[in-house]
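Data first, discussion second: the structure below is written as structure tokens.
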Amino acid sequence: MELSTADSVDEALDELSRRGERCRVLAGGTDVMIQLARREIAPEHLLHVERLGELRAVETDGSTRLGALVTHRDLAVGRLGPGYAAVAESAATVGGLQTQVVGTIGGNVCNASPAADTLPALLVHDAEVTLRSVRGSRTVPLAEFVVGRRVTTRAPDELLTTITLGRPAPRTGDVYLKVGRRSAMEVAIVGLAARLTFDGTGVVTDARIAVASVGPRPLRSVGAETALVGGTGDAESVHAAAKALLQDVDPIDDVRGTADYRRRVIPGLLGRAVRVCAQRAEG
Amino acid sequence: MSVIGERVPRSDGRAKASGEAEYGVDHAEPDMIWGALVRSPVSSGRITRLDTAPALAMPGVHAVVTAADAPDTRAGWVLRDQRLFAADRVLYEGQPVAAVAADTLELAREAAAAVVLEIEPLPAVVDLDAALRPDAPLVHPDWESYVPALGPDADYPRHGNLAAESVSDPPGVDDAFARAHRVVTDEFVVQRQYQAYIEPKSAVGIYRDGRFTVHTAHQFPYNVRDRVSQFLDVRPSAVRIVGHTIGGGFGAKLDAALEPYAALLSKAARGRAVKLVNTRTEDLITCPSREGAITRVRSALDEDGTIIARELEVIADNGAYSGEMPWLASIALHCARGVYRAGPTRVTARLVYTNTAPTGAFRGVNGTYLYHAVERHMDHIAAELGVDRREYRLRHLFDDGEELLNGQVLTDAGILREGFEAIEAAAPWAKLEAERRPYRGIGIAAAWWLTNPMPGTAVVKLHEDGTAAVITAATDNGSGAVSMGVTQIVAERLGIPPSDVFVTLPDTDVAGFDAGSQGSRTTRIVGKASQIAADEVITKLKDVAAGLLEAAADDLEVADGTVRVKGAPGTSVPIAVVAATATNTVGPIQGTGSFVTPFPDFNPGCATGLMLPSFPTPTYHVHLAEVEVDPVTGTVQVLRYLVAQEVGAVISPDGTYGQVMGGVTQGIGYALHESLRIGEDGRYRERTLESYRLPLAGDVPRVEFFPLEHPDPDGPHGAKGVGEGPILLPAAVIANAVSDAIGRPLNNIPITPEEVLAALQTAELRNDEEHVR
Ligand SMILES: Cc1cc2nc3c(=O)[nH]c(=O)nc-3n(C[C@H](O)[C@H](O)[C@H](O)COP(=O)(O)OP(=O)(O)OC[C@H]3O[C@@H](n4cnc5c(N)ncnc54)[C@H](O)[C@@H]3O)c2cc1C
């Protein structure tokens, strides 16, 4: 196995175009190194992209754009500014400090784990991902990019460069809640992100709900969102939303938790998320 | 100035913090090669093919050994039921079938993978109740031919899958149940617990001049020596065990693991040093973890609610081989009533062979789940009677002079009441009850425990510069028992600073027998032996100094780095001068000490299979926890944890608190986080530290600790054992607190968020239904 380090995006794109499937992008390496050790992957070439400074940028004027190499730690300390609490909270739960200072948002997205913490948070913020190759550039909604368990629509020659988030409207609150058996260093048993916008009278006008670890890939539940809109976050609308959400998920039993537990936890978690969003929307 | 009870830097602290300390896993020898084990991938089966030729043919492979290359013998700590390699049948997943030695670790592992091993699977015995049924397949069809390590006369009750049994059936139990006003019954199920030390097991074996030397980081080097000698069929003195700094053990490094394989491989590789090291998964799945168990308790109550009789049955998982376990089975007798009077008590302890990794010692052996059962049961009884749980305990609490089921008399059990009072002063029970918030709960429990009595010895040698070396096979498994405790005790006696006392690492060729770092014994036993040795040094110092000071030896004292005339400190001579003078006149100064605590008197007829007959040097423990349950996730946060513990005397405040904090942390993990499940196929489900979840700093509150000091006349400065007690009760108090918080009994360990949430939601559903009606 060879290792090379790209000094510019163009150089990286050239490498990717030449080597295609035989090449594996290496960002923070917190997934790649483990997959190598477990012999789950056996690339001929590792292309180290961590030095591409331009992919570390965060722009918050106008739309919110962040480079693929922005680290979890950057996000956890609030580099995206107010309005993106869910993103900060989700990044703050990725492993421990050691993982967060090297692990990148782009890596979390491209690895496309069913339990990826930042994905629900990005989904509730209508994230779009921009991929570049020597052939050009394309921008697609995150929900269309991550299509299955560890499966994305990334072509072998593409590099994820930017993630673009929607701008939260006024009177919006968002949150990420993670269920684990201990207080940190957990792969999510369930992860849930919510973003709710309220009108002046406390009625929900816009809702986003997304979950992780309850199916092959993190996903939004439009059913749950619809059930919440028009309500006030009251028990009845939450109940209806939970019912819809449970219909959209397909949890399994695994070593971390049972499908039954995951189903049991979702309604309460959703209720808690709605309450936090309402509080944050006021503040 | 006394250094006893003072905070002193641990002698190994700097080296450990800086990375200079050489742990067993760091050890290397010149020309060393590497080994790897071929392990059974299934838990039960018959070996149909074992072909080592492909591995032997690989360049760089020095040796491949199997059962055919090892002595045809069985070994074991208590019972010789184990072969070095599986010969025809495999009895647990991870059991060694062959071993290879090669130039590099990677190559050794590749060669191990190249060994062809075919196994025809057989049904696995996993379920404890099923294992005892008459029609259950036998894990050891040849069980009858096995011989105890101490010879046939040391045999004990065992039969088929029943690896050991201890039964106590005093008169009056059935009568009491017949006239009982009320009977309360419970069943408790606990999982295994992995010791999860940071340093995986390793060993470097060297065969030279007809002797085996093994380097290892071990809690009990002399036990390794004996096991290697049994497995390799050589006399014990043909084996030398050299100890190294230990990265944690907690009981899992008390019996041999990789050492005999490293020794045999070195012989097969014509004397090249061979190093074996476990991967984390190998370590986890083959570790002698704390046994899973089922405990069934029944108590008979009279009309006042007083307990008048009890029955306790415990069925514990021995795994495929016995190790130390049969010796521990009778602990059930000592803990069956906890620390509360309960009338005549019938106790049945059964240890069961299964097709799973052998279980073994883990800090607080057997006690964690016995106290969990007894203390949960006490809460259940109090709830049935509608009385206060703490009050009910105090009503039955042991007092001074309590006679136990084995006839042992606890002269000082009244200390327990002091423990309850110490906790009460810091966390008044009535106040906690009054301030109860939803989803919060409290639990209280108490225990007694032993200080392991087994022998230890030390030589204290005075250098000509006035410093002292302590030569002992005792090990500091991280607790500070040697690096602070023994060091302080010798420094105190010789009147020199702790930094002038050096304690050797164990080497069985050099230091006398020591029973290892187990059962909270090292500070007390080795401390006492060292103190005796130091006293011999003092006598010799005074004799030589008497000549130098022209005074009678009896008029001298050793203090402040000098030998001086009592009452005239000005008339003194530095210890260094005395030591140097001695070397050239009467010869070098050293002293020897040995110590063992006798077993307290007991009634040998009280039970069958009474292998650990009584609890020497008892200590007393009271714990209280406050928890909060998250009603959405079912997870539990421990908000407050209090410990009142009888310690004899605090030698090292940091060491003592460290043990309390660490033991409670491990107990919280046992109660809430650490899941070690065995599937129906006999294989562990959790196989790495990703899924085997240890508690983190954020999961554990800072323990509020109240040491109770009642110096023991036989202990050095009054010291008793400290290290194990703190892990005995967290499962009990947390289970009681969580059950209190949600108003429903939780009787399994660990307490899972799944179980808590299901219990909460069932309760809510029931409340809703009642509401509708
Ligand atoms: C101890 C530990 C704990 C962890 N805990 C969590 C957790 O709690 N929650 C969680 O979600 N994850 C967790 N992870 C996983 C991991 O940290 C995250 O997925 C992280 O975001 C990956 O980022 P990275 O930069 O390290 O990716 P890498 O390992 O470098 O790459 C991951 C994948 O993405 C690809 N890739 C990376 N960047 C790009 C790019 N710009 N363009 C195209 N492809 C790219 C790589 O080829 C690879 O397939 C944990 C990992 C460890 C080691």
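Each chain gets a letter, A, B and so on, in the order its sequence line appears, and its residues count up from 1.
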Determine, for A/Arg262 against A/Asp254, whether the closest basic-nitrogen to carboxylate-oxygen distance falls under 4.0 angstrom.
yes
For B/Arg677, is it the side chain, the backbone, both, or neither that has a heavy atom closer than 4.5 Å to a heavy atom of chain A?
side chain
Less than 4.5 Å to any heavy atom of chain B: does that hold for the side chain of A/Ile189, its backbone, both, or neither?
side chain
Against chain A, residues from residues 694-704 of chain B with at least one heavy atom under 4.5 Å, in numeric order, are B/Leu694, B/Leu696, B/Gly698, B/Asp699
Looking at every heavy atom in both A/Arg272 and B/Pro631, which two are closest together, and how far apart are they?
NH2-CD, 4.3 Å
Which residue out of B/Arg693, B/Gln761, B/Gln637, B/Arg687 racks up the most heavy-atom pairs below 4.5 Å with chain A?
B/Arg693
Keeping the roles fixed (side chain from B/Glu282, backbone from B/Thr279), state whether a donor-acceptor pair exists under 3.5 Å.
yes
Taken in chain and number order and not counting sequence neighbours, the residues that satisfy salt bridge (Lys or Arg N to Asp or Glu O under 4.0 Å) with A/Glu225 are A/Arg220
Sequence neighbours excluded, every pair satisfying salt bridge (charged side-chain N to carboxylate O under 4.0 Å, His left out) that has a member inside residues 229-242 of chain A:
none
Ion pair check, A/Arg38 and B/Glu690, cut-off under 4.0 Å:
yes
Measure B/Thr633 against the heavy atoms of chain A and call it side chain, backbone, both or neither at under 4.5 Å.
both
Does any heavy atom of chain B fall under 4.5 Å from the side chain of A/Val190, the backbone, both, or neither of them?
neither
Among the options A/Ser183, A/Gly268, A/Gly96, A/Gly271, pick out the one with the most heavy-atom pairs lying under 4.5 Å from chain B.
A/Ser183
May I ask you to say whether A/Arg195 pairs ionically with A/Asp206, meaning some side-chain N is under 4.0 Å from a carboxylate O?
yes
Measure A/Arg181 against the heavy atoms of chain B and call it side chain, backbone, both or neither at under 4.5 Å.
both
Should the pair A/Arg280-A/Glu89 be classified as a salt bridge under the 4.0 Å nitrogen-to-oxygen rule?
yes
Tell me every residue that passes salt bridge (Lys or Arg N to Asp or Glu O under 4.0 Å) with B/Arg109, counting only those two or more places apart in sequence or in another chain.
none
